[in-house]
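The chain is numbered in sequence order, starting from 1.
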Amino acid sequence: MPAVIRSYTIYHSPNAYLGSVLLRRAVAERPDVGIVRRPIFVPRHRGVLVAEMLGGKENANAGSYNREDCARWARRYAIPLNYPEPHVFGERSRRWATAEFDREELPARAFYAIVDNAQQAAFDAALFEAAWIDGLDVNEPDTIRRAASRAGVDGEQLLQSLRAAAIGAEVRAALAEFEHLKCPGVPTFTVDGQRFFGKDRIEWLLAATGVAGRTD
């Protein structure tokens with residue numbers, strides 16, 4: 001029976017982007033390992049950052065180091081990465097404050113609204129590329145349409161179907177799982193009840209599945 005890795009993420013996380021690429025590479029052509037993607041959202045009343053949602057804060061030094069470190073990882077593993085200027089996040093967060101959905105809720109809803117597994121995986125990858133290669137905001141409907149097109153999905157229909165009550169329930173269920181498992185942040189991967197936090201834990205994650213793999 002294939003081992004199942006559950007992957008909790010948001011799309012505007014460079015660490016989650018890098019981790020998702022490394023994980024996909026590591027399990028490519030491995031039918032004995034499956035990946036279940038579980039994008040979450042950040043409830044508006046609990047802050048803007050995942051750290052705030054979990055009761056913590058990110059200081060300026062940690063933020064600048066993260067930019068530097070992610071750039072190193074991207075070069076090391078030949079992963080395209082265009083980091084937005086620091087002021088961009090603040091500008092976007094002001095828009096999110098009055099948006100219809102909470103931060104990351106729109107892309108998460110869109111992901112869960114796609115039924116076909118192959119299209120869902122392609123859409124997931126397209127959202128990360130939109131955020132970290134094209135510099136787009138995944139919380140914008142136009143970005144959803146663009147990612148949907150790349151995945152072979154009708155964007156307008158997707159924007160309608162993601163409003164269904166069942167889709168909203170699925171998004172909340174993913175967040176509830178994230179919290180119940182006491183995930184420390186994104187990306188967090190789980191397998192057989194074990195948590196692995198961060199893009200630097202792919203090798204350990206694969207070892208827990210009994211699979212030997214490389215990320216480079």
Side-chain angles (χ1 to χ4, degrees), residues 4-17 19-20 23 34-58 89 92-117 119-128 130-131 136-145 147-148 151 153-198:
V4 176
I5 296 171
R6 298 177 77 82
S7 172
Y8 296 90
T9 190
I10 62 173
Y11 293 103
H12 277 150
S13 163
N15 289 299
Y17 164 55
S20 72
L23 179 59
I35 302 173
V36 176
R37 301 280 289 134
R38 297 295 280 167
I40 64 168
F41 73 103
V42 182
R44 192 168 318 189
H45 66 281
R46 292 164 64 179
V48 175
L49 302 172
V50 173
E52 293 173 333
M53 181 181 76
L54 297 174
K57 293 186 180 297
E58 181 183 279
F89 182 84
R92 289 176 175 175
S93 65
R94 286 189 286 275
R95 294 202 303 272
W96 302 338
T98 58
E100 178 182 2
F101 296 109
D102 292 348
R103 182 191 173 191
E104 300 280 337
E105 185 178 358
L106 180 64
R109 279 175 172 263
F111 174 87
Y112 293 117
I114 298 174
V115 177
D116 181 84
N117 289 339
Q119 288 182 324
Q120 192 181 61
F123 180 73
D124 179 72
L127 284 177
F128 273 123
L136 302 176
D137 184 352
V138 299
N139 295 281
E140 295 292 331
D142 282 347
T143 307
I144 300 299
R145 294 186 186 95
V153 176
D154 185 313
E156 291 301 331
Q157 182 176 341
L158 182 61
L159 287 168
Q160 291 301 316
S161 59
L162 64 78
R163 298 174 180 277
I167 301 303
E170 187 68 19
V171 172
R172 292 190 294 274
L175 180 59
E177 290 172 17
F178 178 84
E179 295 179 313
H180 175 73
L181 293 167
K182 300 186 184 304
C183 297
V186 294
T188 294
F189 310 98
T190 66
V191 61
D192 292 333
Q194 300 180 72
R195 296 168 298 170
F196 296 87
F197 173 48

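Heavy-atom minimum distance, I144 versus A110: CG2-CB, 4.0 Å. Here the closest heavy-atom approach between residue A131 and residue V138 is recorded as CB-CG1, 4.0 Å. Between P39 and Y112, the shortest heavy-atom distance links the atoms O-OH, 2.9 Å. Taking all atoms of both residues into account, the shortest heavy-atom contact from S7 to R37 is OG-NH1, 2.6 Å. Summarising the geometry of L158 relative to A148, their closest heavy-atom pair is CD2-CB, 4.0 Å, with the distance given to 0.1 Å. Nearest heavy atom pair, residue I10 against residue A16, reads O-CB, 3.6 Å.
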_With side chain to side chain contact (heavy atoms under 4.5 Å, CB included) as the criterion, how do L162 and F101 come out once you've worked through the C-alpha distance, each side chain's angles and the decisive distance to 0.1 Å?_
CA-CA 11 Å; L162 64 78; F101 296 109; 4.0 Å; yes

Q. Which is it for D142 and D137 under the side chain to side chain contact (heavy atoms under 4.5 Å, CB included) test, yes or no, and what are the steps along the way?
A. CA-CA 9 Å; D142 282 347; D137 184 352; over 6 Å; no

In sequence, state the C-alpha distance, the side-chain angles, and the governing distance for S20 and L23, and then conclude on side chain to side chain contact (heavy atoms under 4.5 Å, CB included).
CA-CA 5 Å; S20 72; L23 179 59; 5.8 Å; no

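Although no hydrogens or angles enter the test, the distance criterion places no donor-acceptor pair under 3.5 Å between the side chain of R145 and the main chain of E140. Not one N or O on the side chain of Y8 forms a donor-acceptor pair closer than 3.5 Å with the backbone of A174. With hydrogens and angles disregarded, a donor-acceptor distance shorter than 3.5 Å links the side chain of D102 to the backbone of R44. No donor-acceptor distance shorter than 3.5 angstrom exists from the side chain of Q120 to the backbone of V115, with no hydrogens or angles considered.
For the atom pair CD of Q119 and CZ of F111, the computed distance is 12.5 Å after rounding to the nearest 0.5 Å. Separating the CD1 atom in I40 from the CZ atom in R172 is a distance of 15.0 Å, to the nearest 0.5 Å.
A parallel orientation is assigned to the rings of W96 and H12, their planes being inclined by less than 30° (bins at 30° and 60°).
Between P43 and L175, some side-chain heavy-atom pair lies under the 4.5 Å cut-off.
For V36, the side chain to side chain contact (heavy atoms under 4.5 Å, CB included) partners two or more places apart in sequence, or in a different chain, are V4, R6, R38. The side chain to side chain contact (heavy atoms under 4.5 Å, CB included) test applied to Q157 returns D154, not counting sequence neighbours. Listed by chain and number, the residues in a side chain to side chain contact (heavy atoms under 4.5 Å, CB included) with A147 are F123, A126, L127 (sequence neighbours excluded). Listed by chain and residue number, nothing satisfies the salt bridge (Lys or Arg N to Asp or Glu O under 4.0 Å) test with E104 (two or more places apart in sequence, or in another chain).
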Which atom pairs, one a donor and one an acceptor, fall under 3.5 Å between side chains of residues 45-56 and the rest of the protein, sequence neighbours left out?
residue: R46; atom: NH1; partner: E179; partner atom: OE2; Å: 2.9
residue: R46; atom: NH2; partner: M53; partner atom: O; Å: 3.4
residue: R46; atom: NH2; partner: E179; partner atom: OE2; Å: 2.4
residue: E52; atom: OE1; partner: V48; partner atom: N; Å: 2.6
residue: E52; atom: OE1; partner: L49; partner atom: N; Å: 3.0

For residues 184-198, which side-chain N or O atoms pair as donor and acceptor with protein atoms under 3.5 Å away, sequence neighbours left out?
residue: T188; atom: OG1; partner: G185; partner atom: O; Å: 2.5
residue: R195; atom: NH1; partner: K182; partner atom: O; Å: 2.7

